[in-house]
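Every number for a ligand or one of its atoms is a count from 1 in the order of the listing. We number each residue from 1, following the sequence as shown.
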Amino acid sequence: MRVVGSIRAGDNKLDKLQESCGVFGIYAPSEDVARLTYFALFALQHRGQESAGIATADGQKINVYAKMGLVAQVFTEEALSHLSGNIAIGHNRYSTRGSNKECNAQPMLVGKDNSALAIAHNGNIVNAEFLFEQLSEQGYTFQSSTDSEVIANLILSAPEDNWVEKIRYAMNRLQGAYSLTLLTKDTLFAVRGPLGVRPLCLGKIDSGWVIASETCALDHIGATFIREVEPGEIIKINTSGLESYQVKSGRRALCIFEFIYFARPDSVINGRLLSPARQAMGAGLAVEHPVAADLVIGVPDSATSAGIGYAQQSGIPMGEGLIRNRYVGRTFIEPDQRIRDLGVKLKFNPLPRMLNNKRLVVVDDSIVRGTTTPSVIKELRRAGAKEVHMRICAPPIRFPCFFGVDMATRGELIAAQKTIPQICKFIDADTLGYLSIPGLLKAVALPPDEFCLACFTGDYPVPVQLEMDKLALETKQMQRVLSQAERR
Ligand code: SF4
């Protein structure tokens with residue numbers, strides 16, 4: 001979900017939002033669906049920590065409760081008690097600067113009476129600005145400034161008279177990434193965009209069905225994994241049972257960062273459990289970038305599995321050299337630079353007894369802006385490390401993401417601005433090795449055409465011409481500033 005425009009007084013036009021969220025849906029007549037959704041949102045908390053919400057339906061009406069904060073902060077017994085019904089959807093959200101407003105929290109409700117629709121969205125719509133303008137001209141008003149509300153209103157605007165056809169109408173116009181759970185007063189829908197950028201899976205619970213961003217949410221509520229929701233598929237669940245409609249398909253583009261970083265290691269995507277896939281990334285790094293060292297550590301938690309893989313492949317012992325404070329959010333997607341910088345110190349505590357006088361291999365999932373890694377290395381050296389050899393699972397990130405991941409602008413991406421030796425010097429590592437794209441694809445052991453690799457290659461699976469034009473302009477402006485600075 002991202003911000004597409006400024007609609008209400010006080011909203012900020014520069015308010016950019018790109019994020020990876022968690023979505024959930026359940027149809028289960030004999031269950032406390034709000035409570036099960038609450039537990040599922042706990043399991044998906046790693047996908048979004050800024051707001052959380054649940055919408056339920058009982059055949060007559062839809063109730064929504066969504067607020068800023070972690071799942072545990074948002075919901076009370078009282079709030080859950082008002083969420084009655086036999087169908088529910090839930091959402092955890094990430095956002096960036098300026099967009100952390102309650103009006104953008106989801107699920108979001110649009111329309112009323114028989115056309116009321118609640119939406120929970122993970123992804124980013126590339127042509128949202130255009131659709132927003134079109135819908136505004138048609139008289140649609142917006143309560144938030146997100147592309148998720150654009151999707152919901154686009155569905156409502158369809159001339160067709162049944163929900164599946166309305167969703168199909170919207171899918172034919174949307175470009176980008178979207179995994180959705182939708183709720184009408186009596187039906188649950190799951191929709192996955194044709195590219196399949198964001199994951200979505202289907203599970204079975206005693207008396208009903210469950211939809212979730214990741215399989216770990218199914219495990220936590222005792223549901224059984226049935227299958228992935230296919231790219232381009234609409235699933236409809238109500239008293240008539242489950243129906244599936246394949247609307248669109250073509251090039252697939254699952255975000256490779258789900259494998260590297262986003263999803264939990266105990267989730268299964270495209271039939272692959274992520275923990276061993278990440279171990280294989282670490283093993284690949286050991287083959288591509290061997291080094292003489294005394295100890296391997298993985299930057300916790302997302303690179304722990306990769307660290308194990310490096311250690312196993314290289315024969316260098318694995319140890320715990322950094323302890324993570326689990327209750328501080330990920331620096332990758334926190335709202336601004338000042339908080340990101342502070343987050344590094346709050347987040348990791350090195351163990352001098354493990355590290356003193358050691359030559360370390362430090363395995364991490366990615367380097368984005370290059371703001372976190374120098375601080376981690378500094379802390380490791382301060383704790384006594386003799387050498388620090390950084391090994392990174394993600395190949396160099398040289399292009400921004402237009403599909404919902406807040407990385408940075410191109411100007412902020414360190415690998416777009418510096419060579420690998422320059423980055424090594426900048427982060428103050430003794431050596432630096434990135435896993436190659438072929439090495440990464442070998443580790444995930446799935447066909448390359450299943451994935452989006454655009455932030456490594458610049459080969460976007462849909463046209464992003466407008467954004468690319470903005471990038472070109474930004475690069476030209478930056479070059480002008482640099483050359484002016486050089487002349488001075
Ligand atoms: S550009 Fe990168 S982060 Fe964005 S969807 Fe593609 S692989 Fe994922």
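- Taking every heavy atom of A454 and a limit of under 4.0 angstrom, the matching atoms of ligand 1 come to 1 (S).
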Before you tell me yes or no, could you show the steps for S275 and R264 under side-chain hydrogen bond (donor to acceptor under 3.5 Å, both in side chains), namely the whole-Å CA-CA distance, both residues' side-chain angles and the distance that decides it to 0.1 Å? CA-CA 8 Å; S275 173; R264 266 180 34 172; over 6 Å; no

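- Residue-environment remark: CD (E320) stays at or below the threshold of 12 foreign heavy atoms within 6.0 Å.
- Within 6.0 Å of atom CZ in F225, more than 12 heavy atoms from other residues, nucleotides or ligands are found, so the atom counts as buried in its surroundings.
- Interface of C255 with ligand 1, defined as ligand atoms under 4.0 Å from a residue heavy atom, comprises 3 (S), 5 (S), 7 (S), 8 (Fe).
- Atom NZ of K442 has 12 or fewer neighbouring heavy atoms from other residues, nucleotides or ligands inside a 6.0 Å radius.
- Across C455, A394, P400, heavy-atom proximity to atom 2 (Fe) of ligand 1 is greatest for C455.
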